Amino acid sequence: MTFQERLITLRKQQGLSQEQLGYELGVTRQTVSKWELGVTTPEMDKLIQLSDFFHISIDELVGHTSPEPASKAPETDYAQTAREIHYVPYHWHYEYKSRLSIFGLPLVHINVGRWFPGQKFCRARGVLAIGNAASGIVAIGILSAGILSLGVLSAGLLSLGALSAGLLLACGGLSVGCIAIGGFAFGLFAVGGCAIGVYSIGGLAVAQKIAAGGAAYAPIAIGDAASGEIVFDINSPISPEVIRQVILQRFPETRDIIIRLFSMTVSG
């Protein structure tokens with residue numbers, strides 16, 4: 001098999017276009033096309049890159065094979081099959097960038113791909129950005145940052161992710177924000193399994209002012225196990241109006257929506 005045939009076969013085995021292979025090697029699609037047509041041949045540094053990329057030797061890549069020793073015993077079918085199989089990691093990459101831009105940002109930028117150590121991380125930047133790492137007005141990615149951000153690790157005005165930080169709202173396994181909702185929530189108003197904030201509602205709620213939950217710790221504490229200056233047992237009948245009056249007396253600046261939320265945590 002010639003070098004050109006070998007290159008085409010290896011590229012197609014991994015589902016790569018000429019443009020995608022060129023991206024991985026730092027060359028243009030036209031260069032890859034010329035290699036496959038036999039118009040030009042890669043320089044040594046590119047042969048080494050191709051060899052490393054496809055995990056085969058340069059001799060195998062260019063079609064050189066060593067002669068078999070005459071005295072070598074016949075191979076079994078299993079041994080021959082094992083010798084011929086080479087592990088080729090599956091690489092894929094897709095990128096799309098719209099021509100229309102707003103404030104210098106493309107309207108849509110998608111840049112995703114399978115990442116291996118030593119390779120470029122796929123980054124997307126646009127009004128709508130989708131990528132391994134994404135930043136924009138709406139950002140979706142493993143790492144994301146934007147006004148509306150969704151990702152494993154996300155940050156933004158409104159943020160949703162496993163680890164989430166939001167200036168206004170954050171939702172996630174671990175969330176930090178003005179309003180934080182999650183397994184572990186830290187914020188001005190926190191709701192979660194473990195909630196810590198100025199106002200907190202959760203399984204374990206710790207607050208600077210008002211807390212409600214299974215275990216609540218705050219100046220005003222409402223819970224099954226509550227500790228604070230003023231304590232309400234949720235197992236006892238308590239009028240929501242009583243909660244309202246106590247909150248207004250202790251913290252008169254409390255907003256009405258906060259009072260209503262905590263009043264709803266008790267039975268009338």
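For the single chain, residues carry numbers from 1 onward in sequence order. Just so we're clear, the structure is a prediction, and the values are computed from it rather than from any experiment.
In this model, no donor atom of one side chain and acceptor atom of the other lie less than 3.5 Å apart for Gln245 and Gln249. For the 3.5 Å distance criterion, the side chains of Ser144 and Ser149 qualify, holding a donor opposite an acceptor. Counting only N and O atoms by type, the side chains of Ser175 and Ser164 include no donor and acceptor under 3.5 Å apart.
Taking all atoms of both residues into account, the shortest heavy-atom contact from Ala221 to Ser227 is CB-O, 3.5 Å. The minimum heavy-atom distance linking Ala139 with Ala145 is given by the pair CB-O, 3.3 Å. Looking at every heavy atom in both residues, Ala211 comes nearest to Ala216 through O-CB, 3.7 Å. Between Ala134 and Gly131, the shortest heavy-atom distance links the atoms CB-N, 3.9 Å. Across every non-hydrogen atom of Ala190 and Ala195, the tightest pair is O-CB, 3.6 Å.
Contact check for Cys171 versus Leu169: side-chain heavy atoms found under the 4.5 Å cut-off. For the pair Val127 and Val138, the minimum side-chain heavy-atom distance is 4.5 Å or more. The shortest distance between side-chain heavy atoms of Lys34 and Thr41 does not fall below 4.5 Å. Looking at Leu204 and Cys194, their side chains come closer than 4.5 Å, going by heavy atoms from C-beta outward. Side-chain atoms of Val246 and Phe232, non-hydrogen and from C-beta on, do get closer than 4.5 Å to each other. The closest side-chain heavy-atom distance from Ile222 to Ile234 is below 4.5 Å.
Once rounded to the nearest 0.5 Å, the distance linking SG of Cys122 with OH of Tyr23 reads 5.0 Å. Atoms CD1 and CD1, on Ile181 and Ile201 in that order, are 10.0 Å from each other to the nearest 0.5 Å. Between Leu21 atom CG and Lys12 atom NZ the span is 13.0 Å, to the nearest 0.5 Å. Put simply, CD on Glu24 and CG on Asp52 are 13.0 Å apart, with the number rounded to the nearest 0.5 Å. A distance of 6.0 Å separates CZ of Phe186 from CG of Leu174, quoted to the nearest 0.5 Å. Between atom CG of residue Leu150 and atom CG of residue Leu160 there is a gap of 5.0 Å, rounded to the nearest 0.5 Å.
Under the 3.5 Å distance criterion, the side-chain polar atoms of Asn111 are matched with a main-chain donor or acceptor of Arg123. In this structure, the side chain of Asn132 engages the main chain of Gly113 through a donor-acceptor pair within 3.5 Å. Between the side chain of Ser101 and the backbone N or O of Gly104, no donor-acceptor pair lies under 3.5 Å. Put simply, the side chain of Thr265 never gets that close to the backbone of Ala212: no donor and acceptor are under 3.5 Å apart. The main-chain N or O of Arg11 is never found under 3.5 Å from a side-chain atom of Gln14 such that the two would form a donor-acceptor pair. Remark: the backbone N or O of Leu107 is paired with a side-chain donor or acceptor of Ser98 at under 3.5 angstrom. Between the His109 side chain and the Arg125 main chain, a donor and an acceptor come within less than 3.5 Å of each other.
By the criterion of side-chain heavy atoms lying less than 4.5 angstrom apart, applied directly or through intervening Ile, Leu, Val, Met, Phe, Trp or Tyr residues, Leu47 is not grouped with Val39; the two fall into different hydrophobic clusters. Following chains of ILVMFWY side-chain contacts shorter than 4.5 Å, one cannot reach Ile56 starting from Ile8, and the two form parts of different hydrophobic clusters. Under the 4.5 Å side-chain contact rule for hydrophobic residues, Val242 and Val231 do not share a cluster. Under the 4.5 Å side-chain heavy-atom criterion for grouping Ile, Leu, Val, Met, Phe, Trp and Tyr, Phe3 is not connected to Leu37 through any hydrophobic cluster.
By the neighbour-count criterion of 12 heavy atoms within 6.0 Å, atom CD1 of Ile257 is sparsely surrounded, having that number or fewer from other residues, nucleotides or ligands.
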Q: List the steps, then state whether side-chain contact (heavy atoms from CB on, under 4.5 Å) holds for Phe53 with Leu16.
A: CA-CA 12 Å; Phe53 185 80; Leu16 295 172; 3.7 Å; yes

Q | Candidate pair Leu163 and Val152, rule side-chain contact (heavy atoms from CB on, under 4.5 Å), full reasoning | A | CA-CA 6 Å; Leu163 300 177; Val152 177; over 6 Å; no

Q: Quick one: do Ile243 and Ile238 satisfy side-chain contact (heavy atoms from CB on, under 4.5 Å)? Show the steps, please.
A: CA-CA 8 Å; Ile243 298 292; Ile238 306 169; 4.1 Å; yes

Q) How far apart are the C-alpha atoms of Ile137 and Leu148, what are their side-chain angles, what is the distance that settles it, and do they pass the side-chain contact (heavy atoms from CB on, under 4.5 Å) test? A) CA-CA 6 Å; Ile137 306 300; Leu148 174 59; over 6 Å; no

Q. Would Glu36 and Ser33 satisfy side-chain hydrogen bond (donor to acceptor under 3.5 Å, both in side chains), going step by step from the backbone distance to the final call?
A. CA-CA 5 Å; Glu36 293 184 351; Ser33 177; over 6 Å; no

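A salt bridge links Glu229 to Arg250: one of the charged nitrogens lies within less than 4.0 Å of a carboxylate oxygen.
Lys46 meets the side chain to side chain contact (heavy atoms under 4.5 Å, CB included) test with Val27, Trp35, Pro42, Gln49; sequence neighbours excluded. Listed by chain and number, the residues in a side chain to side chain contact (heavy atoms under 4.5 Å, CB included) with Ile259 are Arg244, Ile247, Leu248, Thr254, Ser263 (sequence neighbours excluded). Residues forming a side chain to side chain contact (heavy atoms under 4.5 Å, CB included) with Glu19 (at least two apart in sequence, or on another chain): Ser17, Arg29.
The aromatic rings of Phe189 and Tyr199 sit tilted, their planes meeting at an angle between 30° and 60°.
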